[in-house]
Amino acid sequence: TGLPTRHEQGDLLFAVFAGHGEFPRIVIASGDILEAFYDTLRAFNYAEKYQVPVIHLLDKAIANATQTIRLSEIGDVVIERGEIVGGVISEESYKRFKFTETRVSPRAPLGNRGTIYWNTGDEHDEYGHIDEDPVNRTMMMEKRMGKLRLIEETVPSEEKISIYGDKSSDVWLISWGSTKGPIIDALDMLGDDYGVGFIQVKMLYPFPGQLVAEMFRNAGRIIDVEQNYSGQMSKLLTMSTGIKPTNYILKYNGRPFSSTEIRDALVEILQKDTKRVIMNRGA
């Protein structure tokens, strides 16, 4: 089981790709406790609006942390139930998995009269009955997988990425999860000596490739910062954009990054162009 009581970011690719067959999903990750609060609400909204599984990744460093946060903006929280069938409808006319232009089928809340339907783990028709006809199978697969494009087109960019530091820099950090705090502190410690930008990826899947590629358009150096051995998010970056990081700052000894570690690793990369800096200090 590795280090089950320690800290790492080793499950990202598992969360994105594991499953029996192909199906759409959303994978999000929070960078701090306040984000975790709002991201949990968004996860429920995404699940109901797009009718897909939503995986909310939370680093142990955040899950086990204690912090006082201000929730003065809680009134701005909006609950989105998605497409809802209204009124009383007959059982014969209710198609729970109806083909629509958006590929999201209107659903009825539990208890609505006439909205009896079937759920199955097998391929099904619009009513939920098992149907392995090849034409139906193709249409249902395209219906489900087409939701990924809908998600890419309709989720606001600020819910996918956050940008910090020097936005005009040709040196960029990219990371996700609880590395956010130490990275921002490290950039503050560097001050004006090094102008560095930082992209925090909050929606890992579908990966916001177009947004990230636009930010990296004039980048001369791209530094991936992760708490795993292989730089898992960088693989999603390359798969989505064709862009490969030039350098890596990695840590996988079970302890979270400190801001000084990231600062020192950044200085080493900027001065010596070290391709892969592995941090092995305790915390």
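If you read the sequence from its start, that first residue is 1, and numbering goes on from there.
- Environment of CD in E80: crowded, with over 12 heavy atoms of neighbouring residues, nucleotides or ligands closer than 6.0 Å.
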Fill in: I174 and I223: CA distance, side-chain angles, deciding distance, side chain to side chain contact (heavy atoms under 4.5 Å, CB included) verdict
CA-CA 6 Å; I174 184 167; I223 305 168; over 6 Å; no
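- Between W172 and V196, the closest side-chain pair of non-hydrogen atoms is not below 4.5 Å.
- Between the side chains of S178 and D59, at least one donor N or O sits under 3.5 Å from an acceptor N or O.
- Ion pair E132/R137 not flagged as a salt bridge, since none of the NZ, NE, NH1 or NH2 atoms sits closer than 4.0 Å to an Asp/Glu carboxylate oxygen.
- Within a 6.0 Å radius of CZ in F14, no more than 12 heavy atoms belonging to other residues, nucleotides or ligands are found.
- Judged by distance alone, the side chains of E226 and W176 do bring a donor and an acceptor atom under 3.5 Å apart.
- Taken together through direct or relayed side-chain contacts under 4.5 Å among Ile, Leu, Val, Met, Phe, Trp and Tyr, F216 and L266 form parts of separate hydrophobic clusters.
- At a threshold of 4.5 Å between non-hydrogen side-chain atoms, the residues L190 and R263 count as touching.
- For the residue pair N247 / D273, a side-chain donor-acceptor distance below 3.5 Å is found, with atom types taken as modelled.
- The CG atom of D39 lies 4.5 Å from the CD1 atom of I28; values are rounded to the nearest 0.5 Å.
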Item to complete: Would you sort out whether I161 and Q200 count as a side chain to side chain contact (heavy atoms under 4.5 Å, CB included), showing the intermediate values?
Response: CA-CA 6 Å; I161 65 171; Q200 175 203 0; over 6 Å; no
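- In terms of hydrophobic clustering, with Ile, Leu, Val, Met, Phe, Trp and Tyr side chains grouped at heavy-atom distances under 4.5 Å, L58 and V201 are assigned to different clusters.
- Distance check: E261 CD to N280 CG gives 9.0 Å after rounding to the nearest 0.5 Å.
- Residues L173 and Y164 form no side-chain contact, since every pair of their non-hydrogen atoms from C-beta on lies 4.5 Å or further apart.
- Taking every heavy atom of both residues into account, S157 and L211 meet most closely at CB-CD1, 3.6 Å.
- Q67 places no side-chain N or O within donor-acceptor distance of the main-chain N or O of D32, the cut-off being under 3.5 Å.
- The two atoms that bring H7 and K60 nearest to each other are ND1-N, 3.7 Å, heavy atoms only.
- Residues V85 and P106 share a closest heavy-atom pair of CG2-CB, 3.6 Å.
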Practice prompt. Could you please spell out the steps behind the side chain to side chain contact (heavy atoms under 4.5 Å, CB included) verdict for I130 and E123?
Written response: CA-CA 6 Å; I130 293 176; E123 190 57 274; over 6 Å; no
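- Residues I183 and I199 do not share a hydrophobic cluster, defined by chaining ILVMFWY side chains whose heavy atoms lie under 4.5 Å apart.
- L150 places none of its side-chain heavy atoms less than 4.5 Å from the side chain of R103.
- Using modelled atom types, one side-chain atom of N45 and one backbone atom of V78 make a donor-acceptor pair closer than 3.5 Å.
- Below 30°, between 30° and 60°, or above 60°: for Y50 and Y46 the angle between ring planes is between 30° and 60°, a tilted geometry.
- The backbone N or O of Q227 lies less than 3.5 Å from a partner atom in the side chain of Q9, making a donor-acceptor pair.
- Atoms CD1 and CG, from I55 and D11 in turn, are 10.0 Å apart once rounded to the nearest 0.5 Å.
- Rounded to the nearest 0.5 Å, atoms CZ (R25) and CG (L204) are 12.5 Å apart.
- Summarising the local packing, CD of E101 is surrounded by 12 or fewer heavy atoms from other residues, nucleotides or ligands at distances under 6.0 Å.
- Of the options E83, K143, K98, E126, a side chain to side chain donor-acceptor pair (under 3.5 Å) to S105 is made by K143 and by none of the others.
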Discussion item. I'd like to know whether Y194 forms a side chain to side chain donor-acceptor pair (under 3.5 Å) with Q271, so could you lay out the CA-CA distance, the side-chain angles of the two residues, the decisive distance to 0.1 Å, and finally the verdict.
Written reply: CA-CA 11 Å; Y194 302 94; Q271 292 183 350; 3.1 Å; yes
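- Rounding to the nearest 0.5 angstrom, the gap separating the NE2 atom in H124 from the CG atom in N136 is 8.5 Å.
- Enclosure of atom CZ in F23 by more than 12 non-hydrogen atoms of other residues, nucleotides or ligands within 6.0 angstrom is indicated.
- Under the 4.5 Å side-chain heavy-atom criterion for grouping Ile, Leu, Val, Met, Phe, Trp and Tyr, Y94 is not connected to I84 through any hydrophobic cluster.
- Under a cut-off of 6.0 angstrom, the local environment of CD in E22 is sparse, with at most 12 non-hydrogen atoms contributed by other residues, nucleotides or ligands.
- Looking only at side-chain heavy atoms (C-beta outward), Y127 and Y117 stay at 4.5 Å or farther from each other.
- The number of heavy atoms from other shown groups lying within 6.0 Å of NZ (K272) does not exceed 12.
- With rounding to the nearest 0.5 Å, the separation of OG1 in T154 from NZ in K147 is 12.0 Å.
- S259 contributes no side-chain N or O that, together with a main-chain N or O of A186, makes up a donor-acceptor pair within less than 3.5 Å.
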Worksheet item: Between K180 and E35, is a salt bridge (charged side-chain N to carboxylate O under 4.0 Å, His left out) present by the stated rule, with each step listed?
Response: CA-CA 11 Å; K180 169 190 173 182; E35 282 186 10; 2.7 Å; yes
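- In this structure, I278 belongs to a hydrophobic cluster whose other members, linked by side-chain heavy atoms under 4.5 Å apart, are Y229, Y248, L250, Y252.
- In this structure the side chain of M189 reaches within 4.5 angstrom of the side chain of T260, judged on heavy atoms.
- Heavy atoms only, all atoms of each residue included: I249 and M279 are closest at CG2-CG, 4.3 Å.
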Donor-acceptor pairs are to be reported for all side-chain atoms of residues 230-240 against protein atoms at under 3.5 Å, with residues two or more places apart or in another chain.
| unit_1 | atom_1 | unit_2 | atom_2 | d |
| --- | --- | --- | --- | --- |
| Q232 | OE1 | L12 | N | 3.2 |
| Q232 | OE1 | L13 | N | 2.9 |
| Q232 | NE2 | G10 | O | 3.0 |
| S234 | OG | G231 | O | 2.5 |
| T238 | OG1 | S234 | O | 3.0 |
| T238 | OG1 | I243 | O | 2.8 |
| S240 | OG | L236 | O | 2.9 |

Item to complete: Apply the test salt bridge (charged side-chain N to carboxylate O under 4.0 Å, His left out) to residues R149 and E152: give CA-CA distance (whole Å), side-chain angles for both, the deciding distance (0.1 Å), then the verdict.
Response: CA-CA 5 Å; R149 174 164 293 187; E152 291 173 341; 5.2 Å; no
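- Side chain of R107 to backbone of R81: a donor-acceptor contact under 3.5 angstrom is found.
- Criterion: ILVMFWY side-chain heavy atoms under 4.5 Å apart, direct or through other members. Under it, Y38 and V54 are not part of a common hydrophobic cluster.
- By the 4.5 Å heavy-atom criterion applied to side chains, W118 and D125 are not counted as neighbours.
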Worksheet item: Taking it one step at a time, do T274 and V277 satisfy side chain to side chain contact (heavy atoms under 4.5 Å, CB included)?
Response: CA-CA 7 Å; T274 305; V277 179; 3.8 Å; yes
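- K202 and S162 share a donor-acceptor pair across their side chains, judged by distance under 3.5 Å alone.
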